Protein chains: 2
Amino acid sequence: MNFSKTTDYAFRIMRLMSQDELKLFTVEEIYQQIRIPYRYLRKLMTHLTRSDFMESVQGKKGGFRLSRPSSQITLLDILKVVDPEYLTGRCFFGFENCALDTVCIMHDQWTGVRANVHAILANTSLADLHVSGDLNEHFKQPK
Amino acid sequence: MNFSKTTDYAFRIMRLMSQDELKLFTVEEIYQQIRIPYRYLRKLMTHLTRSDFMESVQGKKGGFRLSRPSSQITLLDILKVVDPEYLTGRCFFGFENCALDTVCIMHDQWTGVRANVHAILANTSLADLHVSGDLNEHFKQPK
DNA sequence: TGTATATAATACTTATAGGTATCATTTATG
DNA sequence: CATAAATGATACCTATAAGTATTATATACA
Ligand code: SF4
Ligand code: SF4
């Protein structure tokens, strides 16, 4: 139901960066805004770089930036990088494979829930996240 | 999205036991039907006993049985025992508390998903699981 | 009343996600 | 070309879920 901590972190990071689509962010700058454990944040940033929506520049004056407009980066894109197993169509009861032709009563219901979540994540871009005012103060204090 | 292994185990166990509501099952019998690691199964059985839907009888000729009809045991009842945190209304981004008055665009959508899942689990009883034929063969071979 | 058969309780081990520490590499710039 | 400032790679540590092992307790019944 809920996401892993790492997934939550990734969503927060990407949302922050989407506020300035072209800016090159250093890890230090991101850390100032979102208090994710510093070294873990660094590791996660390089991990996010192994995607088609984030790129890095090495060396002095380096950093990270989005590689396409935030309106073209969905939450699903992000989830696929940090937790690709999240939406895999697993059996409600956790079985690896269903041996029966007739599906049990939970099968279609759970498939429906998964499709619902999938649609929400696929239809929400980073741009959609900051249309309703500035949430920065909120995001600075994750407690 | 998906459940913990332990939750899946609990669902399988409860569904099996609901097929014979009054029967006293030994761990050995359950193990024969559902190949959950034996000692872990034993631990989980006693854990399930700390609920209002499962009771145990100690000593020789002892075992476990449901303490009320399977039609009155919902998947939500089971989930509450084995993973009470699963449905807690956490923030989409994993924040502990929301500092803002205006909610972000994900707030209502995620609340909706959670309500949907809650309704499915609360409205499905163990009796509902075995109306559409016998799934025993399937459940015996979780692979 | 002793023994076999069942669950209860507790402690230990292992697998994995989350987090930390260190060193290597890249590159702007004096 | 040396240095500083940034990311990259790797190894290690820690907290939690999953799984194992051992001992204690309850009870039917010969
Ligand atoms: S029919 Fe039911 S038990 Fe079988 S794979 Fe689908 S959800 Fe799982
Ligand atoms: S408004 Fe958005 S960020 Fe704030 S608690 Fe709700 S889901 Fe989380």
Side-chain angles (χ1 to χ4, degrees), chain A residues 1-13 17 23-32 34-51 54-67 79 81-86 88 90 93-94 96 142-143, chain B residues 1-13 17 23-32 34-51 54-67 79 81-86 88 90 93-94 96 142-143:
Chain A
M1 181 70 232
N2 294 316
F3 300 103
S4 68
K5 273 189 166 186
T6 301
T7 301
D8 287 338
Y9 291 164
F11 285 158
R12 297 183 205 173
I13 292 164
M17 293 180 71
K23 178 178 165 67
L24 200 61
F25 289 83
T26 66
V27 171
E28 182 62 31
E29 284 173 320
I30 297 172
Y31 177 71
Q32 292 307 324
I34 309 171
R35 308 300 280 200
I36 294 168
Y38 184 75
R39 290 165 194 276
Y40 194 62
L41 173 59
R42 287 206 28 190
K43 192 201 267 185
L44 182 51
M45 289 309 295
T46 70
H47 182 208
L48 285 170
T49 300
R50 318 205 177 294
S51 73
M54 171 91 82
E55 61 193 32
S56 68
V57 175
Q58 286 194 43
K60 199 169 178 176
K61 299 281 179 186
F64 298 87
R65 77 173 146 242
L66 306 187
S67 38
L79 186 65
V81 172
V82 292
D83 190 4
E85 293 296 298
Y86 187 80
T88 51
R90 275 176 47 195
F93 293 96
E96 290 297 325
K143 189 197 162 192
Chain B
M1 183 68 233
N2 294 316
F3 299 103
S4 68
K5 274 189 167 188
T6 301
T7 300
D8 286 340
Y9 291 165
F11 285 158
R12 297 183 205 173
I13 292 164
M17 292 181 69
K23 178 179 164 66
L24 201 59
F25 289 83
T26 66
V27 171
E28 182 61 32
E29 283 172 321
I30 297 172
Y31 178 71
Q32 292 308 322
I34 308 172
R35 307 301 281 199
I36 295 167
Y38 183 76
R39 290 165 193 277
Y40 194 63
L41 173 59
R42 290 209 24 189
K43 192 202 269 184
L44 182 51
M45 289 308 296
T46 71
H47 182 208
L48 286 170
T49 299
R50 318 205 176 296
S51 73
M54 171 90 81
E55 61 193 32
S56 69
V57 175
Q58 288 194 42
K60 199 171 178 178
K61 299 282 179 184
F64 299 87
R65 75 171 150 248
L66 306 187
S67 38
L79 187 65
V81 172
V82 293
D83 190 3
E85 295 296 298
Y86 187 80
T88 52
R90 275 175 46 195
F93 293 96
E96 288 297 324
K143 190 200 164 188

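In this text the structure is predicted, and so the values were computed from the model without any measurement. These values consider heavy atoms only, across backbone and side chains, with no hydrogens, waters or symmetry-generated copies. All chains are named by letter (A, B, ...) in the order of the sequence lines, taking the proteins before the strands, and each is independently numbered beginning at 1.
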Can you tell me how far [atom2] of [N] sits from [atom1] of [X], to the nearest Å?
X: Asp8(B); N: dG19(D); atom1: CG; atom2: C1'; result: 16 Å
X: Lys60(B); N: dA4(C); atom1: NZ; atom2: P; result: 9 Å
X: Tyr9(A); N: dG19(C); atom1: OH; atom2: C1'; result: 9 Å
X: Ile30(B); N: dA6(C); atom1: CD1; atom2: P; result: 13 Å
X: Glu55(A); N: dA6(D); atom1: CD; atom2: C1'; result: 16 Å
X: Asn2(A); N: dA17(C); atom1: CG; atom2: C1'; result: 16 Å
X: Tyr40(B); N: dT20(D); atom1: OH; atom2: C1'; result: 12 Å
X: Glu85(B); N: dT16(D); atom1: CD; atom2: C1'; result: 13 Å

Sugar-phosphate, base or nothing in reach of Phe64(A), heavy atoms under 4.0 Å: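 Sugar-phosphate only.
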Any [X] side-chain N or O less than 4.0 Å from OP1/OP2 of [N]:
X: Thr6(B); N: dA18(D); value: yes
X: Ser56(A); N: dG8(D); value: yes
X: Arg39(A); N: dG19(C); value: no

Short side-chain donor-acceptor distance under 3.5 Å, [Y] and [X]:
X: Thr6(A); Y: Tyr40(A); result: yes
X: Tyr31(B); Y: Thr26(B); result: no
X: Thr49(B); Y: Thr46(B); result: no

Closest-nucleotide 5' rank along DNA chain C - winner of Thr7(A) and Val57(A): Thr7(A)
Residue mapping more 5' on DNA chain C - nearest nucleotide basis, Lys5(A) or Gly59(A):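 Nearest nucleotide further toward 5': that of Lys5(A).
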Phe93(B) backbone acceptor or donor facing Arg12(A) side chain under 3.5 Å: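 Flag set: sc Arg12(A) to bb Phe93(B) pair under 3.5 Å.
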Side chain of Pro37(A) (C-beta onward), nearest among dG8(D), dG19(C), dT7(C):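 The closest nucleotide is dG19(C).
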Among dG19(D), dA28(D), dA8(C), the nucleotide that comes nearest once only the side chain of Arg42(B) is considered: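 Out of dG19(D), dA28(D), dA8(C), the nucleotide with an atom closest to Arg42(B)'s side chain is dA8(C).
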Quiz item: Lys43(A) side-chain donor-acceptor pair to dG8(D) base, under 3.5 Å: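 Checked by distance alone, the answer is no.
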Distance flag, aromatic centroids of Phe11(B) and Phe3(B), threshold under 6.0 Å: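 That pair passes the under 6.0 Å test.
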Residue closer to the 5' end of DNA chain D, Lys61(B) versus His47(A) (nearest nucleotide):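 The residue whose closest nucleotide sits nearer the 5' end is His47(A).
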